[in-house]
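This report refers to the structure that appears directly beneath it.
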Amino acid sequence: MFTGIITDIGKIAKITQAGDTRFDILTQYDPETIALGASIACSGVCLTVVEKGTGPQGHWFAMEASKETLDVTTAGSWQEGSVLNLERALKMGDELGGHIVSGHVDGIAKIVSITPEGDSQRYIFEAPKGLMGFIAPKGSVTLDGTSLTVNAVSGQTFGVNLISHTQDVTTWGGSQPGDLINLEIDVLARYVARLKDVEQEDEGNANV
């Protein structure tokens with residue numbers, strides 16, 4: 001589990017195609033503090049550390065992604081030099097500064113527009129139709145691993161505001177309209193929706 005609070009910006013140093021796709025990622029994290037098999041969210045995608053070390057370019061760790069992961073997230077478009085929002089898994093006693101994030105991407109959103117709004121930037125996203133029912137004003141959403149608050153919802157689009165600090169310490173400062181973004185809906189919204197489905201199913205069975 002994660003919180004959606006980004007703690008490092010990683011950079012892909014090497015991509016190796018094999019049975020799965022391996023990503024070697026440069027990081028500021030000390031490899032001595034990373035356990036093999038640990039989970040790290042990479043732009044919102046929960047991946048497992050398979051190797052780690054320190055080389056000429058600095059600290060690094062390696063993750064492997066299956067074809068399924070590449071197909072349903074933006075990981076399929078990652079290239080050498082791509083930058084990623086990184087977050088290590090939540091530990092007992094850590095501050096929960098964002099919201100509960102699983103690292104399991106639900107779909108891919110697209111940046112429609114970016115406009116200044118005071119000292120912030122207003123981002124408008126287009127989301128897959130099937131996910132819009134889980135996105136509500138003042139609710140939480142995870143975008144490329146970042147916990148954000150939804151400001152407004154309209155049709156298949158929703159908006160969030162990013163303060164300058166968030167843009168400085170994440171990959172958001174370099175984002176552009178048209179960019180594809182990993183989207184994870186709030187886990188609470190998912191279970192509330194499922195509960196409603198179960199209630200409707202029970203009502204239908206009762207009327208049979």
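The list of salt bridge (Lys or Arg N to Asp or Glu O under 4.0 Å) pairs with a residue in residues 59-80, not counting sequence neighbours, reads Lys67-Asp71. For residues 146-169, there are no salt bridge (Lys or Arg N to Asp or Glu O under 4.0 Å) pairs, not counting sequence neighbours. Residue pairs meeting the salt bridge (Lys or Arg N to Asp or Glu O under 4.0 Å) criterion with at least one member in residues 21-33, sequence neighbours excluded: Arg22-Asp24, Arg22-Glu51.
Side-chain atoms of Lys11 and Ser82, non-hydrogen and from C-beta on, never get closer than 4.5 Å to each other. Using a 4.5 Å heavy-atom threshold, the side chains of Ile34 and His59 count as separate. With contacts defined as side-chain heavy-atom distances shorter than 4.5 Å, the pair Leu36/Lys52 qualifies. Within the 4.5 Å cutoff, no side-chain heavy atoms of Thr16 are placed close to those of Thr21. Side-chain contact between Cys42 and Leu86 is present, with at least one heavy-atom pair separated by less than 4.5 Å.
Although no hydrogens or angles enter the test, the distance criterion places no donor-acceptor pair under 3.5 Å between the side chain of Tyr29 and the main chain of Phe61. With Asp8 contributing its side chain and Gln28 its backbone, the two residues share a donor-acceptor pair below 3.5 Å. No donor-acceptor pair under 3.5 Å is formed between the side chain of Gln121 and the backbone N or O of Leu162. Listed for the Glu184 side chain is a donor-acceptor partner under 3.5 Å among the backbone atoms of Ser102. Asn182 places no side-chain N or O within donor-acceptor distance of the main-chain N or O of Gly44, the cut-off being under 3.5 Å.
Expressed to the nearest 0.5 Å, how far CZ of Arg88 lies from OG1 of Thr7 amounts to 8.0 Å. Note: Cys46 SG to Glu87 CD = 10.0 Å, rounded to the nearest 0.5 Å. The CG atom of Leu84 sits 8.0 Å away from atom OG1 of Thr74, with the distance rounded to the nearest 0.5 Å. Atom CD of Gln176 sits about 8.0 Å away from atom CD1 of Ile111, to the nearest 0.5 Å. In this structure, Leu143 CG and Thr146 OG1 are separated by 7.0 Å, a value rounded to the nearest 0.5 Å. How far CG of Asn161 is from CG of Asp119: 11.0 Å, rounded to the nearest 0.5 Å.
Under a 4.5 Å side-chain heavy-atom cut-off, the cluster of Ile, Leu, Val, Met, Phe, Trp and Tyr residues that includes Leu180 is completed by Ile108.
Closest approach of Val49 to Ala35, counting heavy atoms only: CB-O, 4.0 Å. Across Gly145 and Ile6, no two heavy atoms sit closer than the pair O-CD1, 3.4 Å. Between Met63 and Ile25, the shortest heavy-atom contact is CG-CD1, 4.0 Å. Smallest separation of non-hydrogen atoms from Ala127 and Ile135: CB-CD1, 4.3 Å. The minimum heavy-atom distance between Pro177 and Ile114, with the atom names listed, is CD-CD1, 3.9 Å. In this structure, Gln57 and Ala13 approach most closely via the heavy-atom pair NE2-CB, 4.2 Å.
Partners of Thr157 by side chain to side chain donor-acceptor pair (under 3.5 Å), not counting sequence neighbours: none found. Applying the side chain to side chain donor-acceptor pair (under 3.5 Å) test to Ser147 and every residue at least two apart in sequence or in another chain returns His99. Remark: Asp186 engages no residue in a side chain to side chain donor-acceptor pair (under 3.5 Å) (not counting sequence neighbours). Scored by the side chain to side chain donor-acceptor pair (under 3.5 Å) test, Thr69 finds Ser66 as partners (sequence neighbours excluded). Applying the side-chain contact (heavy atoms from CB on, under 4.5 Å) rule to Thr115 yields the partners Arg122; only residues at least two apart in sequence or on another chain are considered. Shown here are the salt bridge (Lys or Arg N to Asp or Glu O under 4.0 Å) partners of Asp179, two or more places apart in sequence or in another chain: there are none. With sequence neighbours excluded, the residues satisfying ring-ring contact (aromatic ring centres under 6.0 Å, His included) with Trp78 are Phe23. Legend: residues meeting ring-ring contact (aromatic ring centres under 6.0 Å, His included) with Phe2, ordered by chain and number and at least two apart, are absent.
Ring-plane geometry between Phe125 and Phe158 is classed as parallel, the angle between the planes falling under 30 degrees on a 0 to 90 degree scale with a further cut at 60.
The hydrophobic cluster containing Val153 also contains Val141, counting ILVMFWY residues as joined when their side-chain heavy atoms lie under 4.5 angstrom apart, directly or transitively. Neither Val101 nor Leu47 shares a network with the other; the hydrophobic side chains, linked directly or stepwise wherever heavy atoms of I, L, V, M, F, W or Y lie under 4.5 Å apart, form separate groups for each. Met132 and Ile181 fall within the same hydrophobic cluster, defined by Ile, Leu, Val, Met, Phe, Trp and Tyr side-chain heavy atoms under 4.5 Å apart, directly or through other members. In the hydrophobic clustering of ILVMFWY residues, with side-chain heavy atoms under 4.5 Å counting as a link, Trp172 and Val150 come out together. In terms of hydrophobic clustering, with Ile, Leu, Val, Met, Phe, Trp and Tyr side chains grouped at heavy-atom distances under 4.5 Å, Val105 and Ile185 are assigned to different clusters.
When the shell of 6.0 Å around CD of Glu117 is examined, it contains more than 12 heavy atoms from other residues, nucleotides or ligands.
Side chains of Asn85 and Asp144: no donor on one and acceptor on the other come within 3.5 Å.
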